[in-house]
Amino acid sequence: MKKRVCLLCCVVGLLLPTTAHGETVQASQNDLPQVLCVADYRLLYITQPSAVKEFCDLWERWWKTGKPAELGYGECDYCITLFENENAAATEKKQYLVYERQNKIKVEHLSRDPYTGKLMRTEEVVSVSPEIMGQIVQKLESMYETYYLYDTFNMMRGVDLAKINELGMVLNEDVYVFQNAFIDADGTLQVSLEDWNTIFATQYGEMKNLIYQNGAIKNNVLPTNIPCQNINGKVYIPLREAVNHFGHLTMEWDKQMRKAVVMEKAVFEKQQEYWSEVEKAAESLK
């Protein structure tokens, strides 16, 4: 069973850009400041900026084969939201909706009224052949193995997409970018004490504060077994070991966005149990 993590809707906070010394999974310098948020009734994930053009080109090709139509009753099977930077913050600009059972696709253009701030939508619908619908679904299904799977989240709003691939952390509800972090030769994500304390203070106050004293890491005054290294006067710790020290937290890794996904273990386990039951129910219907 794939591991999934639930992220709640939130206001996203960002730190300053990272100084990333590691060379693992580096993003292309030519990536566009856009991402796609792809969702169906089960899963949700964020694509890389480099995947946007390919999908949009394919969509245009599929769209041109269609004929104007009206939607019947029923929810869409897939919803793909295009986010792009607006004033250095990700903003919803367009939605591509797929109605597999109706062989129809829809585009919604999103904007906000400059006076009221109300979200406005204009939409177009076309019907496509079963063959074209098969291509669309095959493309979307094939992407599941490429991107990190979430359950539900609203974390893209407000994120500077120019920094989407910089080393950082998704902590419970928010996305952060590290100021000083690197991936070492063993593939371990090392973060500075300043980053750790700044990020965790936003949600846990001083409870997770770590200090460097006499060559060792302490949780305030309590000793820990968290290793550390001093590089040019700055202390770094392995993020996963620091997370594991606090037994109620768990960490996953989104290699596409180069983000550690840290959350309360109890919430994570409850989500795993829920999705296990959903998958069992789906299997029983086959």
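These numbers come from the heavy atoms of this one structure, side chains and all, not from hydrogens, waters or symmetry mates. Positions are given from 1, in the same order as the sequence printed here.
One distance of note links CD1 of I237 with CD of Q229; it measures 11.0 Å at 0.5 Å rounding.
With 3.5 Å as the limit, one finds a donor-acceptor pair spanning the side chains of T81 and Q95. If you check the side chains of Y73 and Q102, you find no donor sitting under 3.5 Å from an acceptor. Residues E264 and N172 have side chains that never bring a donor and an acceptor to within less than 3.5 angstrom of each other. Defined by atom type and a distance below 3.5 Å, a donor-acceptor pair is present between the side-chain atoms of Q48 and N165.
Between L82 and the choices T91, V107, L110, L36, the side-chain contact (heavy atoms from CB on, under 4.5 Å) rule is met once, by L36. Of the options E84, H109, E86, a side chain to side chain donor-acceptor pair (under 3.5 Å) to K93 is made by E86 and by none of the others.
Side-chain N or O atoms of D113 include one that pairs as donor or acceptor with a backbone N or O of T116 at under 3.5 Å. Using modelled atom types, no side-chain atom of K218 and backbone atom of N209 make a donor-acceptor pair closer than 3.5 Å. For R240 (side chain) and M251 (main-chain N/O), a donor-acceptor pair under 3.5 Å exists by modelled atom type. No donor-acceptor pair closer than 3.5 Å links the side chain of D254 to the backbone N or O of R258. Within the 3.5 Å criterion, the main-chain N or O of L210 finds a donor-acceptor partner in the side chain of N197. Side-chain atoms of D160 come within 3.5 Å of backbone atoms of A162 as a donor-acceptor pair (strictly under, hydrogens ignored). With hydrogens and angles ignored, the 3.5 Å screen pairs no side-chain donor or acceptor of E206 with any backbone N or O of A201. In this structure a side-chain-to-backbone donor-acceptor pair under 3.5 Å is missing from K139 to V137. Remark: the backbone N or O of E194 is paired with a side-chain donor or acceptor of T198 at under 3.5 angstrom. Although no hydrogens or angles enter the test, the distance criterion places a donor-acceptor pair under 3.5 Å between the side chain of D195 and the main chain of N180.
Of all non-hydrogen atoms in K234 and S192, the two that sit nearest each other are CD-CB, 4.0 Å. Heavy atoms only, all atoms of each residue included: C228 and Y212 are closest at SG-CE1, 3.7 Å.
Scanning for salt bridge (Lys or Arg N to Asp or Glu O under 4.0 Å) contacts around K64 gives E60, with sequence neighbours left out. For N103, there are no side-chain hydrogen bond (donor to acceptor under 3.5 Å, both in side chains) partners, not counting sequence neighbours.
The aromatic rings of W62 and F55 sit perpendicular, their planes meeting at an angle over 60°, well past the 30° parallel limit. Relative ring orientation between W196 and F246 is described as parallel, the plane-to-plane angle staying below 30° on a 0-90° scale split at 30° and 60°.
A salt bridge is absent between K104 and E70: the closest approach of a Lys/Arg side-chain nitrogen to an acidic carboxylate oxygen does not fall below 4.0 angstrom. Taking the charged nitrogens against the carboxylate oxygens, D57 and K53 do have a contact shorter than 4.0 Å, which makes a salt bridge.
Considering only heavy atoms from C-beta on, Q203 comes within 4.5 Å of D174 through its side chain. Between L71 and K106, some side-chain heavy-atom pair lies under the 4.5 Å cut-off. Side-chain atoms of I226 and N244, non-hydrogen and from C-beta on, never get closer than 4.5 Å to each other. At a threshold of 4.5 Å between non-hydrogen side-chain atoms, the residues V38 and L140 count as touching. Contact check for V191 versus Y236: no side-chain heavy atoms found under the 4.5 Å cut-off.
Taking the six-membered ring for Trp and the full ring otherwise, the centers of Y96 and Y78 sit at least 6.0 Å from each other.
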Using side chain to side chain contact (heavy atoms under 4.5 Å, CB included), reason through Y45 and C37 one step at a time and then give a plain yes or no. CA-CA 6 Å; Y45 54 89; C37 173; over 6 Å; no
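Under a cutoff of 6.0 Å and an axis angle of 45°, K208 and Y204 form a cation-pi pair.
Hydrophobic cluster membership is shared by M143 and W59, with clusters built from Ile, Leu, Val, Met, Phe, Trp and Tyr side chains linked at under 4.5 angstrom.
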